[in-house]
Amino acid sequence: MGDLSDAGTQHNVRELADVPSVEVISRAAVMLMSSGAEKLGLSEQDPDSAVTRDLDEARRLITALAGLVTSSVEYLGPHAGPIRDGLQTLQRAFREASAEPDPPGQGPGEKYTGPVY
């Protein structure tokens, strides 16, 4: 049985090695964006009453996304624009969802991206 799992692991590692870095970064960004949107309640008709809304978790995800985007923008090529737009949309949605919005420059991820209004 150890041989089967080792062979499966080796097969998965080889497949991952064939994936271009821009695709891995883009997939991670999309996952962070999707999760952030869920935590903001954006998948519900009324985000304010969404049971999935968790602004603390959303802040963490948006900040992680901002760090990823900022540190890898030079490698993203044509993917950079749409990913940056998605990030800014989440940052604005977070500001709107907050009872007391953070001052400009102190919202989630803004230490990496600069203020988002």
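Quick note: residue numbers are just sequence positions, from 1.
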State yes or no: do [X] and [Y] share one hydrophobic cluster built from I, L, V, M, F, W and Y residues joined by side-chain heavy-atom distances below 4.5 Å, directly or via other members?
X	Y	answer
Leu76	Tyr112	no
Leu42	Leu32	yes
Ile25	Ile62	yes

Could you walk me through whether Glu23 and Arg27 pass salt bridge (Lys or Arg N to Asp or Glu O under 4.0 Å), step by step? CA-CA 6 Å; Glu23 187 173 334; Arg27 284 184 184 186; 2.5 Å; yes

Exercise: identify the closest heavy-atom pair between [X] and [Y]:
X	Y	result
Glu110	Gly105	OE1-N, 2.5 Å
Leu90	Leu65	CD1-CD2, 4.1 Å
Ala66	Thr113	CB-CG2, 3.9 Å
Pro82	Pro78	CD-O, 3.4 Å
Gly41	Ala50	CA-CB, 3.7 Å
Gln88	Val116	O-CG1, 4.2 Å

Any heavy-atom pair between the side chains of [Y] and [X] that's under 4.5 Å?
X	Y	result
Lys39	Leu55	no
Met33	Ile83	yes
Ser21	Tyr75	no

side-chain contact (heavy atoms from CB on, under 4.5 Å) between Val51 and Glu44: does it pass, once the steps are laid out? CA-CA 9 Å; Val51 296; Glu44 301 295 326; 5.7 Å; no

When rounded to the nearest 0.5 angstrom, what is the spacing between CZ in Phe94 and CG in Leu61? 10.5 Å

Do other residues, nucleotides or ligands put more than 12 heavy atoms under 6.0 Å from the CZ atom of Arg95? yes

Quick one: list whatever passes side-chain hydrogen bond (donor to acceptor under 3.5 Å, both in side chains) with Glu57, sequence neighbours left out. Arg60

Side-chain donor/acceptor of [X] to backbone N/O of [Y], under 3.5 Å:
X	Y	result
Thr52	Glu38	yes
Ser34	Val30	yes
Gln91	Pro108	yes

Indicate yes or no: does Asp102 engage Arg59 in a salt bridge with an N to O separation below 4.0 Å. yes

